[in-house]
S.K.: 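What follows is a structure written as structure tokens; I'll ask about it next.
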Amino acid sequence: MQELELKSVIKVCQMEELTSDERHIVEMAIEATNRSYAPYSKFHVGAAVKLDNGVELAGSNQENAAYPSGLCAERTALFYAGAQYPEIGVSLLAIAARGTDGELTEEPTGPCGSCRQVIIESETRAGHPIRILLYGRKYVYVIEGIRPLMPLTFSEF
Ligand code: THU
């Protein structure tokens, strides 16, 4: 039997180390946490995307009394982008969250498995990796494409 080691490399940055474009999209994600509808979990997530044509859009988690009917912030933003600009790829995706104490989380918040799967498809549609920025008060993770977060992905393409 052979063992295969799967390695992921991500960057750990301070806000000041980001480019102004990146900082702005992170700030949009932070702002979007204030528009989240999360009366059940009280976990308010914001996501923002920058498209290849420069357009910036944000989304937030939208919950529902029938829990599975709600949607995560990342998919809200990515599906909104796909619905508005079907021909344009996504270049940046930022995620931020406020915990039940109302404060932005100290540690970066990562996308759930379903959102990761959707990000894969957004990369396929864009034809290039999406730079992912996960905000935490302590540091921001900068990840070049979804692959480091999702090895051995499923794709029919
Ligand atoms: N949530 C997101 O918005 N993004 C994720 O990637 C994980 C979880 C939302 C779903 C739900 O509204 C709340 O966070 C608690 O799980």
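Atoms within each ligand, like the ligands themselves, are counted from 1 in listed order.
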S.K.: List, for ligand 1, each N/O atom that has a protein N/O partner under 3.5 Å away, with both atom names and the distance.
M.R.:
from: ligand 1; atom 1: 3 (O); to: A73; atom 2: N; distance (Å): 2.9
from: ligand 1; atom 1: 4 (N); to: E74; atom 2: OE1; distance (Å): 2.8
from: ligand 1; atom 1: 4 (N); to: E74; atom 2: OE2; distance (Å): 3.4
from: ligand 1; atom 1: 6 (O); to: E74; atom 2: OE1; distance (Å): 3.4
from: ligand 1; atom 1: 6 (O); to: E74; atom 2: OE2; distance (Å): 2.7
from: ligand 1; atom 1: 6 (O); to: C112; atom 2: N; distance (Å): 2.9
from: ligand 1; atom 1: 12 (O); to: N61; atom 2: ND2; distance (Å): 2.9
from: ligand 1; atom 1: 12 (O); to: E63; atom 2: OE2; distance (Å): 2.5

S.K.: Would you tell me whether S60 and Q62 have side-chain atoms, one donor and one acceptor, within less than 3.5 Å of each other?
M.R.: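 Result is yes, a qualifying pair exists.
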S.K.: Would you check if there is a donor-acceptor pair between the side chains of R137 and T105 at a distance under 3.5 Å?
M.R.: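 Distance-only check fails for T105 and R137.
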S.K.: Distance-only criterion, 3.5 Å: show the donor-acceptor pairs between side-chain atoms of residues 41-53 and protein atoms not counting sequence neighbours.
M.R.:
from: S41; atom 1: OG; to: F43; atom 2: N; distance (Å): 3.0
from: S41; atom 1: OG; to: E63; atom 2: OE2; distance (Å): 2.5
from: K42; atom 1: NZ; to: P39; atom 2: O; distance (Å): 2.9
from: H44; atom 1: ND1; to: S36; atom 2: OG; distance (Å): 2.7
from: K50; atom 1: NZ; to: D21; atom 2: OD2; distance (Å): 3.4
from: D52; atom 1: OD1; to: H128; atom 2: NE2; distance (Å): 3.2
from: D52; atom 1: OD2; to: H128; atom 2: NE2; distance (Å): 2.7
from: N53; atom 1: OD1; to: V55; atom 2: N; distance (Å): 3.0

S.K.: If the condition is salt bridge (Lys or Arg N to Asp or Glu O under 4.0 Å), which residues does R98 pass it with, not counting sequence neighbours?
M.R.: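 For R98 there are no salt bridge (Lys or Arg N to Asp or Glu O under 4.0 Å) partners, ignoring immediate neighbours.
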S.K.: Please check if the side chain of R116 supplies one atom and the backbone of I146 the other of a donor-acceptor pair under 3.5 Å.
M.R.: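 Side chain of R116 to backbone of I146: no pair is present.
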S.K.: I'd like to check the side-chain contact (heavy atoms from CB on, under 4.5 Å) partners of P151; sequence neighbours left out, ordered by chain and number.
M.R.: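 P151 satisfies side-chain contact (heavy atoms from CB on, under 4.5 Å) with L6 only.
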